[in-house]
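Here's the structure, in structure tokens; my notes come after.
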2 protein chains.
Amino acid sequence: MIDDASVLSTAQRLRQEIENDIAAGHLVPGERLDEVSLANRFHVSRTPIREALQQLAMAGMVEIRPRRGAVVASLTPERLYEMFEVMAELEAMCCRLAARRLGPSDAIALERAHRACEAVRQDHDAYYRANEVFHQAIYAASGNVFLEEQARLLQRRLQPYRRLQLRVRNRVQNSFSEHERILAALMAGEGEEAARIMRPHVQVQGERFSDLIASLKLLGAA
Amino acid sequence: MIDDASVLSTAQRLRQEIENDIAAGHLVPGERLDEVSLANRFHVSRTPIREALQQLAMAGMVEIRPRRGAVVASLTPERLYEMFEVMAELEAMCCRLAARRLGPSDAIALERAHRACEAVRQDHDAYYRANEVFHQAIYAASGNVFLEEQARLLQRRLQPYRRLQLRVRNRVQNSFSEHERILAALMAGEGEEAARIMRPHVQVQGERFSDLIASLKLLGAA
DNA sequence: GTACGTTCTCTTGTATACAAGAACGATGAT
DNA sequence: ATCATCGTTCTTGTATACAAGAGAACGTAC
């Protein structure tokens with residue numbers, strides 16, 4: 001784990017809690033974050049809540065409009081596309097590095113994560129979670145802790161939007177076979193090849209991007 | 001500019017001020033950030049100062065140790081290497097995208113920034129600043145605003161350490177001729193070629209990395 | 001009936017007071 | 001003389017009070 005179990009300040013704990021709610025879709029983009037309500041909910045005063053919100057603002061997960069309160073950040077289609085484009089490249093980079101530096105424990109973790117994906121291929125929600133773990137195993141295998149952190153951060157930030165495109169036709173089966181090819185390339189030390197498969201695997205393009213935008217608009221209507 | 005001139009909250013202004021001091025080397029890695037002193041200095045109470053520090057912690061520029069105050073973040077050599085590795089890849093990505101999407105105004109901005117570098121080749125400090133602008137012009141030319149923001153963020157975060165390696169022998173001349181080749185490749189639409197030159201241009205490797213670590217240790221002694 | 005202005009309320013922004021933990025120093029013992 | 005322990009002091013963490021801006025609601029005028 002990256003967020004070490006060491007002692008966290010209250011503001012940091014609160015940030016994680018709120019962040020989880022955003023990532024889990026419990027708090028939806030555009031939703032207002034009332035300081036008093038949050039303070040009541042967590043049994044603290046507004047002061048640490050405000051500190052947590054400032055942190056979330058820096059993480060890009062909430063937007064603070066001076067004197068007008070904080071809302072869960074909502075991304076425009078353009079920005080969403082841009083973020084997926086960067087995510088794809090970060091993951092491709094992880095692949096290139098991982099292939100070069102793959103240690104025995106990394107290989108084991110990768111295989112295990114892949115088998116976990118296979119085991120839950122029928123359950124979209126479970127696959128979604130296992131998929132996340134598989135990708136994180138690749139980040140870790142890059143051997144670059146900073147890169148790993150950045151990748152996880154962006155992954156988390158995109159999570160609310162990924163949820164929207166869970167049940168696209170055949171997506172799980174395609175995803176799994178792409179994983180298989182990525183894993184094979186990594187094990188063979190073919191970093192460039194793994195990266196080449198990873199990029200379109202991550203990046204939401206063409207038809208899939210249209211689907212995502214459609215669900216976004218649906219969300220906006222709610 | 002990315003930080004739009006729109007209304008900023010006090011905490012955000014304070015963050016920028018402190019951030020500037022860190023980037024400028026006025027506050028050095030490891031230095032303690034006393035809340036009361038900062039509050040006095042900026043004529044505000046500790047509350048907005050604390051909010052600014054939380055933001056800086058998320059940006060990775062300060063480290064907050066619960067109950068023990070905030071210090072300017074100091075990076076280990078390993079982490080520094082990792083960050084330069086990611087920076088190199090982000091800039092390479094900017095090159096690839098910029099070559100594909102280069103608009104007329106981007107081309108003009110690039111040329112102008114390049115000529116500005118040429119004009120101050122004799123002055124290391126001035127070159128350093130002009131160099132920054134040149135790189136930022138490439139980020140902007142990528143046409144991916146999110147990528148641009150991330151690149152600028154990381155550039156800023158590495159700034160205190162780049163300062164340390166200002167006066168390495170022949171660095172300015174080498175840097176400038178690399179810029180020339182990158183610019184030519186971008187104008188020719190050769191994104192991969194530009195990226196290939198950019199990577200080692202940015203990444204601190206081998207000898208140069210040792211130099212950087214040496215200056216780091218010097219700094220630690222002070 | 002609609003649009004604009006005024007007032008009232010609700011929320012955010014900031015300072016300050018108080019509590020509690022950490023660092024530092026002093027005093028004593030071995 | 002050195003180390004440990006206790007106490008003091010300084011700093012951080014949190015709540016709360018107060019100020020001020022934003023938004024809503026109501027009333028009035030056209």
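Letters A, B, ... are given to chains in the order of the sequence lines, protein chains preceding strands, and every chain is numbered from 1. These numbers come from the heavy atoms of this one structure, side chains and all, not from hydrogens, waters or symmetry mates.
- Panel note: side chain A:Asp106, backbone A:Gly103; a donor-acceptor pair is recorded below 3.5 Å.
- A donor-acceptor pair under 3.5 Å is absent between the side-chain atoms of A:Gln55 and the main chain of B:Met58, judged by distance alone.
- Using a 4.0 Å cut-off between a side-chain N of Lys or Arg and a carboxylate O of Asp or Glu, B:Glu19 and B:Arg13 do not qualify as a salt bridge.
- In this structure, the side chains of A:Leu147 and B:Glu85 stay at 4.5 Å or more apart for every pair of heavy atoms.
- Side chains of B:Met87 and B:Arg162 form a contact here, defined as non-hydrogen atoms less than 4.5 Å apart.
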Would you list the protein and nucleotides 20-23 of chain C atom pairs, both N or O, that sit under 3.5 Å from each other?
residue	atom	partner	partner atom	Å
C:dA23	OP1	B:Arg68	NE	2.5
C:dA23	OP1	B:Arg68	NH2	3.0

Please list, for nucleotides 7-10 of chain C, all pairs of protein and nucleotide N/O atoms separated by less than 3.5 Å.
none

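- The pair B:Asp34-B:Arg46 fails the salt-bridge criterion, with no side-chain N (NZ, NE, NH1 or NH2) lying under 4.0 Å from an Asp/Glu carboxylate O.
- Ion pairing between A:Asp21 and A:Arg41 holds under the 4.0 Å rule for side-chain N and carboxylate O.
- Counting only N and O atoms by type, the side chains of B:His135 and B:Glu91 include a donor and acceptor under 3.5 Å apart.
- Think of the region where chain B sits on DNA chain D: with heavy atoms and a 4.0 Å cut, that region ends 5' and 3' at D:dT11 to D:dT14.
- Within 4.0 Å (heavy atoms only), B:Ser9 reaches no atom of the nucleic acid at all.
- Residues A:Glu149 and A:Arg156 are not paired through a salt bridge, judged by the lack of any N-O separation under 4.0 Å between the basic side chain and the carboxylate.
- For A:His179 and A:Asn131, the side-chain atoms include at least one donor-acceptor pair closer than 3.5 Å.
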